[in-house]
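Just so you know, ligand 1 is whichever comes first in the structure, and atom 1 is the first atom listed for that ligand. Just so we're clear, the structure is a prediction, and the values are computed from it rather than from any experiment.
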Amino acid sequence: MAIKESAASAANGASRHAVDAIIIGAGFSGLYQLHKLRDDLGLNAVVLEKADGVGGTWYWNRYPGARCDSESYYYCYSFNKEIEQEWSWSERYPEHPEIRKYLNFVADKLDLKRDIRLNTEVTSAAFDDATNTWTVRTKDNQTFSAPFLITAVGCLSTANVPKMKGLESFEGQWYHTGLWPHDGVDFKGKRVGQIGTGSTGIQAAPVIAEQAGHLTVFQRTANYSIPARNGPVTAEDVKHTRENYDDIWKLARAGTNGHPFTISTQSALAVSDTERQGIYEKAWERGGLRFRASFSDVLQNADANLTASDFLRSKIKEVVKDPAIAEMLTPYDHGFATKRPPIDSGYFETFNRDNVLLVDIKAEPIVEVTPKGIRTTKQDYELDIIVFATGFDALTGPLVNLNISGSQGYKLKDAWSAGPQTYLGLQSPKFPNLFTITGPGSPSVLCNMPIAIEQHVDWITDCIRDMRAKGLKRIEAEPEPTEKWVAHVNEAADATLLPMASSSWYLGANVPGKPRVFMPYAGGFARYTAICNDVAQNGYRGFALS
Ligand code: N01
């Protein structure tokens, strides 16, 4: 890439670079977006990445037990046949180092790294109406300018560390799972406290319990979980996948969630109790996220949902030996899959261990962190290490934190103060030429991420190609279609049981003070893709182009 650097500014320590497109983030989205813009459109594109390696989410999330909940054969790119045929996964669910290895393999294969600036943290981005140019500043005093700015910052990349009184006084170590030390943490013989029992906490607890002297799990909301049933991928599996990739991707794109399996067309209420039990048992044995596809209406009909929730509650009671602990671990305040359903490797079994204690912090709330551990309203728990598995400021956090100002200096944080305002999750009014890959208002986190990412990157690339072909310099979401889209996102969520889970991060409920708005698009991936394609084919309806 020929980045133009201004000699004058380079002389005073700062440096300025002019390119055609700036991409922020070198995870799944940033890598693919760079490939498309540079290698398909021939643009000067640069990726700015805070970390010292590629991987995005998988660069940071290295906590014990971190692996993907989507199955490896489809948690990968679909755009390149050679990559598909050359790469093979070792496990049904890839562990974090293997995903980083895969992303490095892709980056090397496509020679992407020469256009990725690592250790380059973006501190602000501002749009200039006179020149239709974005200017991005970085922590190390560099300035990049380009007509197009594309955020590839992920949906779950801003760690949510709760503000707990006394944390600074803690004499042990504390860590957030999403910012895990690269050298790992030595739990041997240590008294560990884990706060949080979402997907992350449910993956981490069994591994920490095996390594630590003692583990105390502080649970605010009990959760459902399905066994992952992880295992090695055989040579036969690899061969079968490679031979069938076209069909796998076709199926994934045709569905609701970008997974290559179909949701049953049968209602949970249309079968006998015995038949339903048999179907759930089979799904439980098979394991994984596919459990929720057992019936058509698990996420649409409260009575149907109850059958799944009851089945999973009964499993907790089967697995956990102490009935009082089993009861504490049983969720009653939300239906199965109305929050993102975790999958696990021995989570409930962990509570049968002698070195594990469960504390219900709804019954005895945390009062403060003391120098020696955690104090609840009932007692003090002495700890050497605290693990915050407390999730993320999801979807909006990574974008708002970029300190973006659009047309006439309008700030994204103000534009979204009552919740994200996007058109198709791709753009926001007053932020011309800014595209948000898997932004709020798109299927994103309700989808197998690489599939959602590829759809967005392809759409953005086609849009930029069309604009350049027509000599257009500016594209901006219009306010009215945006309002309609936000209303449609709400409608789509309301047609499901998803908004019922009042503590869900889909609603922003995990971050104190965050507006309660259902953020991802729940209308289904295939439907969403058709809408985006239709918008593009109709002259980018809803966008102002000039
Ligand atoms: O975060 P979460 P996560 N005091 O927000 C609790 C993806 N993911 O990191 O439910 C005490 O789900 C909070 O309690 P409550 C996946 O999409 C993917 O686990 O708010 N507790 C909850 O128990 C997932 O959904 C994979 O009452 C506090 C937990 O912390 C998303 O990431 C693996 C608290 C947070 O759960 C986020 O999952 C893992 C406080 N102040 C995750 N604040 C793979 O596919 C929060 N909690 C690999």
Side-chain angles (χ1 to χ4, degrees), residues 28 56-58 60-72 74-75 91-96 98-99 154-165 167 176-180 193-205 217-226 228 230 257 259 288-289 329 331 333-334 337-345 347 358-362 364-369 374 376 386-395 397-398 438 444-450 452 498 501-514 516 519-520:
F28 267 97
T57 292
W58 299 103
W60 301 102
N61 280 271
R62 301 180 188 217
Y63 60 86
R67 60 175 72 248
C68 185
D69 290 345
S70 287
E71 297 189 37
S72 53
Y74 63 86
Y75 190 76
E91 290 182 283
R92 180 173 172 187
Y93 304 94
E95 210 184 350
H96 63 94
E98 194 171 21
I99 305 175
C155 303
L156 296 158
S157 44
T158 305
N160 169 41
V161 180
K163 290 186 179 56
M164 283 190 177
K165 188 178 155 204
L167 182 56
H176 186 280
T177 49
L179 299 168
W180 202 256
Q194 176 187 308
I195 304 176
T197 53
S199 298
T200 300
I202 280 177
Q203 286 186 335
V217 175
F218 295 89
Q219 170 189 278
R220 188 163 72 179
T221 304
N223 220 332
Y224 301 92
S225 185
I226 315 291
N230 190 31
N257 302 105
H259 292 267
L289 292 171
L329 286 165
D333 70 330
H334 66 284
T338 56
K339 292 173 80 167
R340 158 67 151 77
I343 64 171
D344 70 276
S345 298
Y347 176 66
L358 179 67
V359 176
D360 175 354
I361 54 170
K362 273 211 174 113
E364 50 170 308
I366 294 175
V367 176
E368 61 181 335
V369 179
I374 288 181
T376 68
I386 300 174
V387 173
F388 287 98
T390 44
F392 303 90
D393 181 354
L395 289 141
T438 62
S444 62
V445 291
L446 298 179
C447 206
N448 171 38
M449 286 304 285
L498 288 165
S502 59
S503 63
S504 161
W505 60 260
Y506 294 152
L507 279 164
N510 61 325
V511 177
K514 191 166 171 169
R516 300 279 172 113
M519 294 181 286

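Under the side-chain contact (heavy atoms from CB on, under 4.5 Å) criterion, Glu95 pairs with Arg67, Glu91, Pro97, sequence neighbours left out.
Between Phe388 and Pro162 the shortest side-chain heavy-atom distance falls below 4.5 Å. The shortest side-chain heavy-atom distance between Tyr75 and Asn448 falls under the 4.5 Å cut-off. Looking only at side-chain heavy atoms (C-beta outward), Ile343 and Tyr93 come within less than 4.5 Å of each other. Annotation: side chain of Asn223 is not in contact with side chain of Tyr347 (no heavy-atom distance under 4.5 Å).
The distance between the ring centers of Tyr224 and His334 falls below 6.0 angstrom.
Listed by chain and number, Trp58, Tyr63, Arg67, Cys68, Asp69, Leu156, Pro162, Met164, Ile195, Gly196, Thr197, Gly198, Ser199, Thr200, Gln203, Arg220, Thr221, Lys339, Arg340, Ile361, Ala389, Thr390, Gly391, Phe392, Ser503, Trp505, Asn510 each place a non-hydrogen atom less than 4.0 angstrom from ligand 1.
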